[in-house]
Amino acid sequence: MANSRFQYVRGFESEARLLPNTWIVVRIDGRGFHKFSAKHGFKKPNDARAINLMNAAAVACMNEFPDIVMAYGESDEYSFVFDKRTQLFSRRGDKIMSSIVSFFSSTYVMQWPQHMVDAEGQPEPLVATPHFDGRCVLYPTLENLRDYVAWRQVDCHINNLYNTTFWTLVLKGGLTEYEAEQRLVGTFSKDKNELLFSEFGINYNEEPLMFRKGSVLHWRRIPVTVTKEGPTSKADPTPVVRTVTRQKLTVIVDHCDLLQEEFWTEHADVFTSSSVYANGPREAKGAAKGRGRKAKHSSETTTIVEPKEAAPAASEASQRKRTAEQACGE
Ligand code: DGT
Ligand code: MG
Ligand code: MG
């Protein structure tokens, strides 16, 4: 199309590209979810249906944008970690962030009826418009990235322990919200643990991992067996039925402790830049070369892995060896 005299306005657009060779984290957060959760009667302090819906939307994002190597979610937020060398949208930050926010929000609405069901299995009506804000943050080193996700997981722990104690005092202890708040002023983690156990017989460490640790999404190769029917060879057209086992890259929803070494050791190939393209989640290497196409490996299936409890902290004095509970400074 020929340039019009209006064409010059295009020059006002900026296409800020994110610094190369840095981990891109897109963090999204539900806008006004305090009201949104109340309006839709989310269970307090945690509504497993709502968390599973967040997780399902995040799984869909990873399948849609396979350069995401991991994601971490808690409450109404999700952090998506893109491969350090991604060339998605030529690393245009606005485009990456807005695409994630938009895709996540739409999926959240689309999948609402499957997840937000009542005791009879009937979908709860969606009576407000869920929407999310987003930001891109860059981390230059793996240490920074690990500290970032540790920070979010520690935040999850602090909030969840507080909320669990607060709502137990209100719902089981009969305190008003004001009284419960006053009761918790100046308390540390050990005090809340003690209160839950001695007054309500609740062992906080036995609360579901999904609530205590949040959700960690990552890729794993899962063997899938398919049945195929076809001729044995060109010479012999007789159809035969064969079973073929393939390794399919699948998004796993886990609830592991990101302050422990285990997760990072298990995924060293993804997080070590030298081999990330050989063994990372994208079989389609083109994704990393800026073609921006959807990798063929993606699958809609979520495999819920029975989470392993965090191993006790080892004697090494490393910050990372500590669990989220220990790292919250209480
Ligand atoms: P914002 O992000 O500044 O627009 O404001 P909010 O209201 O979204 O605040 P935020 O993001 O700091 O806190 C998340 C809110 O969402 C918080 O009030 C608790 C609520 N929420 C998230 N998940 C659940 C849940 O499973 N159950 C209940 N009852 N509330 C939840
Ligand atoms: Mg929010
Ligand atoms: Mg939030």
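Atoms within a ligand are numbered from 1 in the order they appear, just like the ligands themselves.
The CZ atom of F33 sits 4.0 Å away from the CZ atom of F132 when rounded to the nearest 0.5 Å. Summarising the geometry, atom CD1 belonging to I158 is positioned 7.5 Å from atom OG belonging to S189; distances are rounded to the nearest 0.5 Å.
Nearest protein heavy-atom contact of atom 24 (C) of ligand 1 is F42 CD2, 4.1 Å. Remark: minimum distance from atom 22 (C) of ligand 1 to any protein heavy atom is reached at S75 OG, 3.3 Å. Of the protein's heavy atoms, H34 N, 3.8 Å lies nearest to atom 15 (C) of ligand 1. The single protein non-hydrogen atom nearest to atom 8 (O) of ligand 1 is F33 N, 2.7 Å, given as residue, atom name and distance.
Taking the six-membered ring where tryptophan is involved, the planes of F89 and F65 are perpendicular, since the angle between them exceeds 60° and thus also 30°. In this structure, Y108 and W112 have tilted ring planes: the angle between them lies in the 30° to 60° band. Ring geometry, F166 versus Y162: the interplanar angle falls under 30°, so the pair is classed parallel (tilted spans 30 to 60°). Ring geometry for F263 against H218 counts as perpendicular: the plane angle is over 60°, on a 0 to 90° scale with 30° as the lower cut.
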Between T176 and V170, does the side-chain contact (heavy atoms from CB on, under 4.5 Å) criterion hold? Intermediate values first, please.
CA-CA 6 Å; T176 65; V170 173; over 6 Å; no
Could you walk me through whether R212 and N205 pass the side-chain contact (heavy atoms from CB on, under 4.5 Å) test, one step at a time?
CA-CA 8 Å; R212 289 190 290 123; N205 289 328; 4.0 Å; yes
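Between the side chain of N163 and the backbone N or O of N159 there is at least one donor-acceptor pair closer than 3.5 Å. Of the possible donor and acceptor atoms, none in the side chain of R152 sits under 3.5 Å from a partner among the backbone N and O of G73.
Checking D76, N163, D29, N160 against atom 14 (C) of ligand 1, the nearest heavy atom belongs to D76. One option in G32, S37, G30 has a heavy atom closer to atom 31 (C) of ligand 1 than any other, and that option is S37. Proximity annotation for atom 25 (C) of ligand 1: of A50, P45, A38, P45 comes nearest, heavy atoms only.
Each protein N/O/S atom under 2.8 Å from the Mg ion (ligand 2) was counted, for a total of 3.
Checked for salt-bridge contact, R92 and D94 miss the test: no charged N lies under 4.0 Å from a carboxylate O.
No hydrogens or angles considered: nothing links the side chains of Y204 and T164 as a donor-acceptor pair under 3.5 Å. With 3.5 Å as the limit, one finds no donor-acceptor pair spanning the side chains of S105 and R31.
Residue-to-ligand polar distances keep K44 apart from ligand 1: every N/O pair is separated by 3.5 Å or more. Considering both main-chain and side-chain atoms, K43 comes within under 3.5 Å of ligand 1 through a nitrogen or oxygen pair. For the pair R31 and ligand 1, the shortest N or O to N or O distance does not fall below 3.5 Å.
Under the 4.0 Å distance rule, the nearest protein heavy atom to atom 27 (N) of ligand 1 falls inside the cut-off. There is a protein heavy atom less than 4.0 angstrom from atom 4 (O) of ligand 1.
For ligand 1, the atoms sitting less than 4.0 Å from at least one non-hydrogen atom of D47 are 25 (C), 26 (O), 27 (N), numbered in the order shown with element in parentheses. Atoms of ligand 1 lying under 4.0 Å from any heavy atom of N46, numbered from 1 in the order shown and given with element: 26 (O).
Contacts with ligand 1 closer than 4.0 Å are made by no heavy atom of K35, backbone or side chain.
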